[in-house]
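Convention: sequence-line order gives letters A, B, ...; per-chain numbering from 1.
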There are 2 protein chains.
Amino acid sequence: MINILRDHITRRLGKNPDHLDKVLSTFRHIKTRRNEQLLQEGEVCKYVYFIAKGCLQVYVYDKDFNETTRDIVTEDNWCSELLSFGSGNPATENIRTVEPSELFAIDRQAFQNMMESVPQFDKVYKQILEASYANSVYRINTFVSLSALDRIKWLMEYRPMLMTRLSSKLIASYLGINKDVYSRLKAKL
Amino acid sequence: MINILRDHITRRLGKNPDHLDKVLSTFRHIKTRRNEQLLQEGEVCKYVYFIAKGCLQVYVYDKDFNETTRDIVTEDNWCSELLSFGSGNPATENIRTVEPSELFAIDRQAFQNMMESVPQFDKVYKQILEASYANSVYRINTFVSLSALDRIKWLMEYRPMLMTRLSSKLIASYLGINKDVYSRLKAKL
DNA sequence: ATAAAACGTAGACTTTTGTCATCGTTCATG
DNA sequence: CATGAACGATGACAAAAGTCTACGTTTTAT
């Protein structure tokens with residue numbers, strides 16, 4: 001399982017990056033069930049997770065306590081509440097597993113050590129941050145400019161796996177659509 | 001005017017950072033009118049701008065060619081299409097001045113040089129990226145969970161200056177609301 | 001200074017999205 | 001494997017947001 005992480009990193013840093021094993025050894029392997037809470041808003045986010053298998057949901061609550069999903073992250077990607085993780089401030093978001101998952105977690109201390117002692121690791125961090133940012137920008141532009149129906153079409157085109165893999169309820173919350181509305185619109189395709 | 005940039009950087013890197021003057025000298029001072037196009041989607045984004053005075057709009061077009069505004073950036077902040085700037089890929093967004101502005105621009109080449117030769121500059125970049133990311137995340141969570149009326153209230157609370165400073169049309173597009181609807185809702189406050 | 005263009009508001013109307021209640025199905029868990 | 005909870009679909013209705021037209025005001029460019 002660790003090889004998925006190894007491959008991910010070498011793909012980004014070239015074939016034989018220095019200290020690769022040192023880096024890999026600082027990650028902790030975690031197996032989870034579905035619906036396990038990894039982060040609760042208000043806590044400080046202690047880990048960055050690499051998802052070797054499974055799926056995580058990053059979400060917040062609106063004023064009526066409805067969940068709204070900011071992001072859904074699957075295999076071979078990183079997930080965290082980077083702003084809390086980086087600053088040490090309380091997280092404003094929640095994270096949970098959507099499926100049984102296998103994760104590799106690195107804590108803040110170890111992450112800092114790596115950033116300082118392994119220059120290349122810094123690049124990985126920058127890539128995580130850039131990828132997260134790119135995703136956010138894309139998502140904003142999608143939200144601001146598309147109707148509910150068009151957002152569904154967009155999801156079908158760009159992340160079709162999610163459509164089959166996730167519950168309707170979760171997809172609706174990811175698209176920012178009421179679940180009943182989602183059900184109706186989907187029927188019209 | 002350059003002192004605004006100097007202060008911005010020293011505030012982040014401590015009182016007397018090395019190479020400060022070297023860094024500052026790589027920026028080009030630009031004075032613009034209102035409505036000047038700084039970046040067109042499809043082009044590669046060549047600059048990162050520091051805004052000493054004025055206001056920029058980052059926007060895209062939806063399928064009906066309506067402008068939708070992803071971000072509005074004012075004094076003492078950085079603005080760019082970081083993803084294009086970083087990767088050299090064509091930009092997916094447009095940038096223009098909303099007001100006559102004074103900017104300090106650094107191009108990709110100079111930026112790379114600084115990143116390599118001035119270690120502290122790297123921190124500034126990371127801060128720009130993190131700030132941009134934080135802003136995006138906040139904006140997504142706002143969009144997904146708030147009604148049009150609540151988004152207006154949110155803007156009045158968190159960026160009240162924008163309400164008085166910008167045209168209604170622009171604010172509406174920033175909030176993702178039709179301009180007529182915005183006009184009506186505003187009247188109800 | 002002035003003509004043209006853009007802007008802001010308003011009313012009437014349409015479309016989209018949200019809410020609520022219901023019902024059969026599926027799924028998780030003891 | 002049984003049962004209570006969660007899920008997904010649907011119809012009737014309500015609320016929110018969008019569209020179009022019109023008109024007076026402000027801004028911009030010449």
Chemist: Counting only side-chain nitrogens and oxygens, does B:R34 get under 4.0 Å of the OP1 or OP2 atom of D:dT28?
Modeler: yes
Chemist: Output the rounded distance in Å from CG (A:L146) to C1' (D:dA17).
Modeler: 16 Å
Chemist: Is there a ring pair (Phe, Tyr, Trp, His ring centres under 6.0 Å) between A:F85 and A:F111? Walk through the geometry before answering.
Modeler: CA-CA 10 Å; A:F85 183 84; A:F111 199 86; 5.1 Å; yes
Chemist: Please report, rounded to the nearest Å, how far the C1' atom of C:dG8 is from the CD1 atom of B:I152.
Modeler: 14 Å
Chemist: Would you say C:dT16 has OP1 or OP2 under 4.0 Å from some side-chain N or O of A:S147?
Modeler: no
Chemist: What is the distance from NZ of A:K188 to C1' of C:dT17, rounded to the nearest Å?
Modeler: 11 Å
Chemist: Consider the side chain of A:N178, meaning its heavy atoms from C-beta on, and name the nucleotide among D:dA17, C:dT19, D:dA9 that approaches it most closely.
Modeler: C:dT19
Chemist: Does B:R96 make a cation-pi contact with B:Y59, if we ask for NZ or CZ under 6.0 Å from the ring centre and within 45° of the axis?
Modeler: yes
Chemist: So which nucleotide from D:dT10, D:dT19, C:dT17 ends up closest to the side chain of A:D180?
Modeler: D:dT10
Chemist: Measure OH/A:Y182 against C1'/D:dC7 and give the value in whole Å, please.
Modeler: 13 Å
Chemist: For A:M163 and D:dG8, give me the distance from atom CE to atom C1', rounded to whole Å.
Modeler: 14 Å
Chemist: Distance check: side-chain N/O of B:S168 vs OP1/OP2 of C:dC7, anything under 4.0 Å?
Modeler: no
Chemist: Can you figure out which of C:dA10, D:dT19, D:dG8 approaches the side chain of B:R184 most closely?
Modeler: D:dT19
Chemist: Take the protein atom NZ of B:K179 and the nucleotide atom C1' of D:dG18, then report the distance between them rounded to whole Å.
Modeler: 11 Å
Chemist: Between D:dA17, C:dC20, D:dA9, which nucleotide has the shortest distance from any of its atoms to the side chain of B:V181?
Modeler: D:dA17
Chemist: What's the closest nucleotide to the A:K169 side chain, out of D:dG8, C:dG8, D:dT19?
Modeler: D:dG8
Chemist: Output yes when B:E81 and B:R108 qualify as a salt bridge under the 4.0 Å nitrogen-oxygen rule, no when they do not.
Modeler: no
Chemist: To the nearest Å, how far apart are B:L189 CG and C:dT9 P?
Modeler: 12 Å
Chemist: Choose from D:dC20, C:dT17, C:dG8 the nucleotide whose nearest atom is closest to any side-chain atom of B:S167.
Modeler: C:dG8
Chemist: At less than 4.0 Å, is any side-chain N or O atom of A:K186 found next to OP1 or OP2 of D:dA9? Yes or no.
Modeler: yes
Chemist: What is the distance, rounded to the nearest whole Å, between atom CZ of B:R151 and atom C1' of D:dG18?
Modeler: 13 Å
Chemist: For A:Y174, is the NZ or CZ atom of A:R139 found under 6.0 angstrom from the centre of its six-membered ring and inside 45 degrees of the ring axis?
Modeler: yes
Chemist: Drop me the distance from A:T32's OG1 to A:Y49's OH, to the nearest 0.5 angstrom.
Modeler: 9.5 Å
Chemist: For B:N66 and B:N35, take the nucleotide of DNA chain D holding the closest heavy atom to each; which residue's nucleotide lies nearer the 5' end?
Modeler: B:N66
